Engineer: 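My questions all concern the structure below.
Letters A, B, ... are given to chains in the order of the sequence lines, protein chains preceding strands, and every chain is numbered from 1. Because the structure is a prediction, the values reported are computed rather than measured.
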2 protein chains.
Amino acid sequence: MLTIGDLSKRTGVKVPTIRYYEQMGLISEPERSEGNQRRYSKADQERLAFIRHGRDLGLTIDAIKELISLSQHPDRPCVGADRIAREHLDDVRGKIAQLKRLEHELERIVSHCDGHSIEDCYVIRALSDHGLCEHEH
Amino acid sequence: MLTIGDLSKRTGVKVPTIRYYEQMGLISEPERSEGNQRRYSKADQERLAFIRHGRDLGLTIDAIKELISLSQHPDRPCVGADRIAREHLDDVRGKIAQLKRLEHELERIVSHCDGHSIEDCYVIRALSDHGLCEHEH
DNA sequence: CTCAAAAGCTCTAGTCTCTAGAGAAATATA
DNA sequence: TATATTTCTCTAGAGACTAGAGCTTTTGAG
């Protein structure tokens, strides 16, 4: 039986965040000590690690909820879980593409800057005038 | 003189968002019509385009505020503006790197999935067991 | 065994960047 | 002129936490 602090240390999820996940229904209400403090089992620890891992991968709380509910029906085909992961992958790829355009844009902006006065600062000019951009964004 | 709706159409910033920016001090309070409606000038439109552009590039409201205040002292050297852009570039590069690791991980997870039962679903297993990951994250 | 420190409890409110809705007033159009 | 659209203010909600107040329980040192 772990205290909430122990659980936090073992999973890397902060204490208030654990309570928040409980409130959001991601983890079930744990047992309590005589003095009403939360006491967690090994199973709780695994569940929380699962959630943490999903969040690290950028899944939303709702997506993780869905995965948990799927994982509780081990007989069903795993198409649902697959779909969630695939959708998320698409998402991630889209974000990468967007950030790369942005990187490009910022590189160009920064490379024009060499400490002259703001009047002709490329950063300011680039922000003011969309026409100076290479790509649409 | 533009109404808030016109300004919104021209800049692509939604009406409530324009009012929000005013509240946050990003744009100054505009003139009002007899009936107390906001009326914007061409200068307001440019300022808003500047903000929009910065937000598109992922700058925070605070960073944009800083840039605006810098741009109001055109005599000073533009080191500050340069710094903001550079810092942001570092940020963007970090995010790209992180997302790429994530893409990799998700690709691996998804490629193992082919519609079998959840019991051996790789998505679920990968989330449950960090050891299945290739990289730390 | 006692007593203070550390950790836990609940509850509320704040973060950031908007977005949505209610209900009233102003403006534009037929 | 009557109606439709837009705008006004104000409040609340989203997502995913984080921080703080004020109180109680547990732990560890003397």
Engineer: Going from CG on A:L7 to CG on A:D44, what distance comes out if it is rounded to the nearest 0.5 angstrom?
Structural biologist: 7.0 Å
Engineer: Please list, in numerical order, the residues of residues 32-41 of chain B that have a heavy atom closer than 4.0 Å to any atom of DNA chain C.
Structural biologist: B:S33, B:G35, B:Q37
Engineer: In this structure, how many angstroms lie between the C1' atom of D:dT27 and the CG atom of A:L2, rounded?
Structural biologist: 16 Å
Engineer: Counting only non-hydrogen atoms, which of residues 13-21 of chain A are less than 4.0 Å from DNA chain D?
Structural biologist: A:K14, A:T17, A:Y20, A:Y21
Engineer: What's the CD-C1' distance between B:E29 and D:dT7, to the nearest Å?
Structural biologist: 16 Å
Engineer: If the condition is salt bridge (charged side-chain N to carboxylate O under 4.0 Å, His left out), which residues does B:R47 pass it with, not counting sequence neighbours?
Structural biologist: none
Engineer: Do A:L48 and A:Y40 come close enough that some side-chain heavy atom pair is under 4.5 Å?
Structural biologist: no
Engineer: Quick one: pull up OG1 in A:T17 and CD1 in A:I51 and give me the separation to the nearest 0.5 Å.
Structural biologist: 11.5 Å
Engineer: Check whether any side-chain heavy atom of A:R55 lies under 4.5 Å from a side-chain heavy atom of A:R52, and answer yes or no.
Structural biologist: no
Engineer: Using the test salt bridge (charged side-chain N to carboxylate O under 4.0 Å, His left out), find all partners of B:R10 that sit at least two apart in sequence or belong to another chain.
Structural biologist: none
Engineer: Extract, from 5' to 3' on DNA chain C, the first and final nucleotides lying under 4.0 angstrom from some heavy atom of chain B.
Structural biologist: C:dT17 to C:dT27
Engineer: Looking only at heavy atoms, which two atoms of A:G5 and A:V15 are closest? And how far apart?
Structural biologist: CA-CG2, 4.2 Å
Engineer: Check residues 22-36 of chain B and write down every donor-acceptor pair under 3.5 Å in which the side-chain atom is one partner and the other belongs to a residue at least two apart or another chain.
Structural biologist:
| unit_1 | atom_1 | unit_2 | atom_2 | d |
| --- | --- | --- | --- | --- |
| B:E22 | OE1 | B:R38 | NE | 2.8 |
| B:R32 | NH1 | B:N36 | O | 2.9 |
| B:S33 | OG | B:G35 | N | 3.2 |
| B:S33 | OG | B:N36 | N | 3.4 |
| B:S33 | OG | B:Q37 | N | 3.0 |

Engineer: Looking at side-chain heavy atoms only, is the closest gap between A:Y20 and A:I61 below 4.5 Å?
Structural biologist: yes
Engineer: May I ask you to test the A:L2-A:R39 pair for a side-chain heavy-atom distance under 4.5 Å?
Structural biologist: no
